[in-house]
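Structure first, commentary second.
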Amino acid sequence: MKLTLKVWRQKSANDKGKIETYPIDNISEHMSFLEMMDVLNEQLITEGKIPVSFDHDCREGICGMCSMHINGEPHGPDRGVATCQLHMRKFKDGDTIYIEPFRAKGFPIIKDLVVDRSAFDRIQHAGGFVSVNTSGNTQDANALPIPKADADTAFDSATCIGCGACVAACKNASAMLFVSAKVSQFSLLPQGKVEAKRRVLHMVEQMDKEGFGNCTNTGACEVECPKGISLENIARMNREYLKASVSSSK
Amino acid sequence: MSKSGPLSSSIARKMAMALSAFFLMFFLLQHLTINMTSVIDGDTFNDLSQFMGTNFLVQYILQPVLLLGVVFHFVIGFVLELKNRSARDVRYVKYKGAASATWMSRNMILTGLVILAFMGLHFYDFWIPELKTKFIDGDWSGMVAGEEGYRYLTELKHKFENPVRVGIYVVSFILLGLHLAHGFNSAFQSMGANNKYTKGLKKFGIAFSVLIPLGFIFIALFHHFNH
Ligand code: HEM
Ligand code: SF4
Ligand code: FES
């Protein structure tokens with residue numbers, strides 16, 4: 001395949017940045033998108049130019065590092081996959097492909113396509129955990145009976161890989177889908193109930209502080225999420241938030 | 001609510017939006033019901049109009065609450081829009097919004113602004129003249145000298161003679177329909193209701209967003225062609 005790539009290049013956080021055009025040839029449809037990017041970078045290095053910086057790690061859809069906005073959609077045109085699992089067979093010979101970083105005030109650009117998603121870490125630190133006394137005589141997790149349906153729903157929420165595609169897709173750059181998945185994965189389980197109130201209040205407070213937008217319920221996040229995290233999580237978080245707000249003594 | 005004031009969090013703002021919207025949707029239903037009587041039975045319409053226009057509870061409690069509700073809704077609407085815009089300070093070169101979300105959900109501010117402009121016209125047409133008659137001229141009789149019965153139906157028919165006004169009404173109600181096509185279910189989702197009833201409620205929401213505006217459009221056209 002022969003393609004025209006329009007790639008966002010930005011030297012540093014303070015650089016203005018712009019789209020650069022790179023023609024590329026001999027791309028196999030069996031390549032993954034990131035392999036195609038590797039080919040581009042080899043080409044740039046051969047030409048004595050600076051290769052494009054982009055995030056990636058596992059390349060099998062589990063770490064949440066890859067983060068490109070491809071032809072106007074996070075993780076590209078395919079559904080239920082991260083950029084690393086996107087294949088070139090989704091494109092046609094002669095296509096022009098726009099490749100941009102995830103854009104949000106909460107995700108400042110570090111270089112080219114690499115953005116700083118540590119806002120998500122700070123939201124997690126604000127309450128996305130269960131405090132356990134690890135003194136050596138911890139109770140066996142299986143000693144607590146948990147309804148299968150609850151366990152399954154919690155597990156579905158826990159599959160969120162924290163990639164940030166929900167923020168990137170949202171017209172408001174809202175992080176509600178991510179935060180609601182992280183609230184839900186605990187709030188559905190007995191171990192998570194103890195700290196449920198302060199968890200949801202603190203995580204939402206941190207989310208707002210990071211400068212993410214409000215939710216308009218457009219559902220773009222759910223469509224673009226590589227893990228199929230659903231809007232039910234957002235409704236659950238809103239319920240939890242309302243409950244915690246009216247009953248919290250703080 | 002949490003630490004600093006009830007509207008300081010994004011979720012609280014959305015819930016305020018949803019609650020004011022529920023109130024406005026209920027109001028629309030009530031408004032349509034009364035207006036519908038104007039095509040069914042003119043006397044009923046006149047009687048209801050006189051009641052709504054002179055009843056103490058309606059005039060001095062419900063009407064101010066409605067006005068506050070509308071202002072509250074669009075002011076928070078503007079606040080949300082501004083905050084949401086600033087949450088993406090640098091725009092994408094290519095952004096395919098239509099790939100993942102409906103036009104209605106992405107353009108609530110646009111449809112909302114059209115409704116707001118329409119309300120300006122609507123106030124000019126009906127509300128301000130009503131205020132003038134009642135509070136400036138001090139005439140609470142609902143009648144016009146030399147004419148039989150209440151004046152409301154005659155005034156209504158007179159307003160809808162002008163095809164331009166009827167056209168504006170029709171277009172505005174179509175945009176209200178688009179606002180509600182997303183808004184109805186969005187309000188439930190904002191309040192945390194997403195459950196086994198959601199599928200059915202979505203269908204009901206679409207029916208609501210089609211039928212309510214269609215009712216108002218029908219009334220405007222009916223009086224335009226029957227005067
Ligand atoms: C009779 C009049 C109106 C009705 C029945 C109505 C109804 C609704 C409903 C049901 C929602 C969804 C609430 C939610 O998502 O929680 C909504 C949202 C919205 N409305 Fe209205 N509305 C009306 C007038 C207006 C006006 C005059 C504006 C002026 C700008 C406006 C602007 C908005 C905006 C911007 C949103 C989306 C807020 C967001 O989620 O980001 N609406 N409306
Ligand atoms: S909710 Fe989905 S899109 Fe958002 S961070 Fe988690 S996996 Fe990524
Ligand atoms: S590189 Fe790990 S999810 Fe894509």
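The sequence lines fix the lettering, A, B, ..., with proteins before strands; numbering per chain opens at 1.
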Between [options], which shows the greatest number of heavy-atom pairs under 4.5 Å with chain B?
{"options": "A:N71, A:V204, A:I70", "result": "A:N71"}
{"options": "A:G211, A:G219, A:C215", "result": "A:C215"}
{"options": "A:S230, A:A168, A:P74", "result": "A:A168"}

Open item on the list: Any non-hydrogen side-chain atom of B:S105 less than 4.5 Å from a side-chain atom of A:T216?
Closed with: no

Task: Side chains of B:T102 and A:T218 in contact at under 4.5 Å (non-hydrogen atoms) - done: no

Roughly how far, to the nearest 0.5 Å, is the [atom2] atom of [Y] from the [atom1] atom of [X]?
{"X": "A:W8", "Y": "B:Y92", "atom1": "CH2", "atom2": "OH", "value": "12.0 Å"}
{"X": "A:H69", "Y": "B:K94", "atom1": "NE2", "atom2": "NZ", "value": "11.0 Å"}
{"X": "A:R79", "Y": "B:S100", "atom1": "CZ", "atom2": "OG", "value": "6.5 Å"}
{"X": "B:K96", "Y": "A:E73", "atom1": "NZ", "atom2": "CD", "value": "5.0 Å"}
{"X": "A:E205", "Y": "B:I11", "atom1": "CD", "atom2": "CD1", "value": "12.0 Å"}

Using a 3.5 Å distance criterion without hydrogens, assess whether the side chain of [X] forms a donor-acceptor pair with backbone atoms of [Y].
{"X": "A:D208", "Y": "B:S9", "value": "no"}
{"X": "B:Y95", "Y": "A:A169", "value": "yes"}
{"X": "A:N172", "Y": "B:N84", "value": "no"}

Looking only at non-hydrogen atoms, find the nearest pair between [X] and [Y] and report the distance.
{"X": "B:R88", "Y": "A:R103", "value": "NE-O, 2.6 Å"}
{"X": "A:N214", "Y": "B:K83", "value": "ND2-CB, 3.7 Å"}
{"X": "B:A99", "Y": "A:V223", "value": "O-CG1, 4.2 Å"}

Does atom [atom1] of [X] have more than 12 heavy-atom neighbours, drawn from other residues, nucleotides or ligands, at distances under 6.0 Å?
{"X": "A:K11", "atom1": "NZ", "result": "no"}
{"X": "A:Y98", "atom1": "OH", "result": "no"}
{"X": "B:F126", "atom1": "CZ", "result": "yes"}
{"X": "B:R85", "atom1": "CZ", "result": "no"}
{"X": "B:F135", "atom1": "CZ", "result": "yes"}
{"X": "B:F123", "atom1": "CZ", "result": "yes"}

- [ ] Under 4.5 Å, counting heavy-atom pairs only, tell me which of B:T198, B:N185, B:L80 racks up the most with chain A.
- [x] B:L80

Open item on the list: Can you tell me which of B:N195, B:V93, B:V90, B:D89 forms the most heavy-atom pairs within a distance under 4.5 Å of chain A?
Closed with: B:V93

TODO: Let me know if B:S86 has heavy atoms under 4.5 Å from chain A in its side chain, its backbone, both or neither.
DONE: both

Task: Side chain / backbone / both / neither for B:R91 at chain A, heavy atoms under 4.5 Å - done: backbone

Contact part of [X] toward chain B, heavy-atom cut-off under 4.5 Å: side chain, backbone, both or neither?
{"X": "A:E100", "answer": "side chain"}
{"X": "A:P77", "answer": "neither"}
{"X": "A:F212", "answer": "backbone"}
{"X": "A:C221", "answer": "neither"}

Open item on the list: With a strict 4.5 Å heavy-atom criterion, list every residue of residues 104-129 of chain A that contacts chain B, or say none.
Closed with: A:A104, A:K105

Open item on the list: Consider side chain to side chain contact (heavy atoms under 4.5 Å, CB included). Of B:M15, B:Q189, B:M191, which one does A:N238 pass it with?
Closed with: B:M15

